[in-house]
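A short write-up of the structure that comes next.
None of the values given here were measured: they were computed from a predicted structure. The chains referred to below are lettered A, B, ... by the order of the sequence lines, with proteins before strands, and numbering in each begins at 1.
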Number of protein chains: 2
Amino acid sequence: MAKHTGLMTIGQVAQQVEVASSTLRFYEREGLIRPTKRSKAGYRLFDREALEQLRFIRAGQAIGFALNDIKALLLLDEETSCKRVQRLIEQRLVEIDAKLVNLKRLRSTLNDALGRCRKSKRGCAVVADLKGMSKKRKTLYS
Amino acid sequence: MAKHTGLMTIGQVAQQVEVASSTLRFYEREGLIRPTKRSKAGYRLFDREALEQLRFIRAGQAIGFALNDIKALLLLDEETSCKRVQRLIEQRLVEIDAKLVNLKRLRSTLNDALGRCRKSKRGCAVVADLKGMSKKRKTLYS
DNA sequence: TCTAACCTTTAAGTTAGGTTTATGGTACGC
DNA sequence: GCGTACCATAAACCTAACTTAAAGGTTAGA
């Protein structure tokens, strides 16, 4: 198959980047990747660059970008001014900071409750806490 | 309506706890709440306790519990041993700690990239970073 | 009595990021 | 030339937590 061109079938690509073939077809439908060409029989054939692109996509996901954002990043193509990229990143940083604050607060709330819960003979401190919590704060988590 | 019983219609409850009426019907279907009674015409009527219960639900959501977990907590009812609650909380704490670690790492990655991105005249440091990232780490984010 | 703002139900739609199923063609080793 | 593993497509399904739509009954106020 694909004798000596360096091209790979969907399954080979899938194995390399550790995603399901169905996911790759889904990415293609969403406009995130495109096979280099098709074989006579209609098989998708990808070159090594596709691997790079897919790793880029997975890395983008790993840092919390939605596929739509990643698509935008892919369309930029390195030359383009990175203003837009900067804005995307800055936005993510704001979100992340908010999450960090909320998670830390949440952590200590739960940890305190757990401490009291472990000590108490009857009744549950955590449940009691939850009952009172909504009065104090709007969101602890996002 | 509901002249001098202290009962409220779904819309009144919805307004008090700031959720949509449809959400309350959804919660009922899911077994999270139940109206005290129905009016002659079939209108749901709730007492003040329902407000408490709903605030409990929202507080639970705010700290990252799924509705199913919250349902379990509601069924416990304060008397019950809080072993199960403890396990739920401990589990959440583990998740939270993992998230904190990932978010912090992510924050500094993005922040570094952003700094370099702001300085560079051409090409985008962030995009370049993303291209290299997948080789270094599995997950930065959850 | 009319009308606007409620309320009821069942069923289907939404979002994101895929996965699964049904049906059928292709490639390769023995 | 057979079996098995792989590929193709379209369309349906999945989760969570809701929202929206369609069709119709109720209530309060002027």
Nearest whole angstrom, please: distance from the [atom2] of [N] to the [atom1] of [X].
X	N	atom1	atom2	value
F26(A)	dG18(C)	CZ	P	6 Å
Q12(A)	dA27(C)	CD	P	13 Å
L67(A)	dT15(C)	CG	C1'	12 Å
I10(A)	dT26(C)	CD1	P	17 Å
Y27(A)	dT19(C)	OH	C1'	13 Å
E28(A)	dT19(C)	CD	P	16 Å
L24(A)	dT19(C)	CG	P	10 Å

>> Any donor-acceptor pair, under 3.5 Å, between the side chain of Y43(B) and the base of dG25(D), if you only look at N and O atoms?
In response: yes
>> More than 12 heavy atoms of other residues, nucleotides or ligands under 6.0 Å from CD of E28(A): yes or no?
In response: yes
>> Checking contacts here: which listed nucleotide (dA8(D), dT27(D), dC18(D)) is nearest the side-chain heavy atoms of R58(B)?
In response: dC18(D)
> Any donor and acceptor pair, going by atom type alone, linking the side chain of Q16(A) with main-chain N or O of G11(A) inside 3.5 Å?
Replying inline: no
> More 5' along DNA chain D: K40(B) or A66(B), using each one's nearest nucleotide?
Replying inline: A66(B)
For [X], answer base if it contacts any base atom (sugar-phosphate contacts may also be present), sugar-phosphate if it contacts only those atoms, and nothing otherwise; contact means non-hydrogen atoms under 4.0 Å.
X	result
T23(A)	sugar-phosphate
R29(A)	base
R44(A)	sugar-phosphate

>> Contact between F46(A) and I33(A) at the side-chain level, heavy atoms closer than 4.5 Å - yes or no?
In response: yes
> Between atom CD1 of I57(B) and atom CG of L32(B), what is the distance when rounded to the nearest 0.5 Å?
Replying inline: 4.5 Å
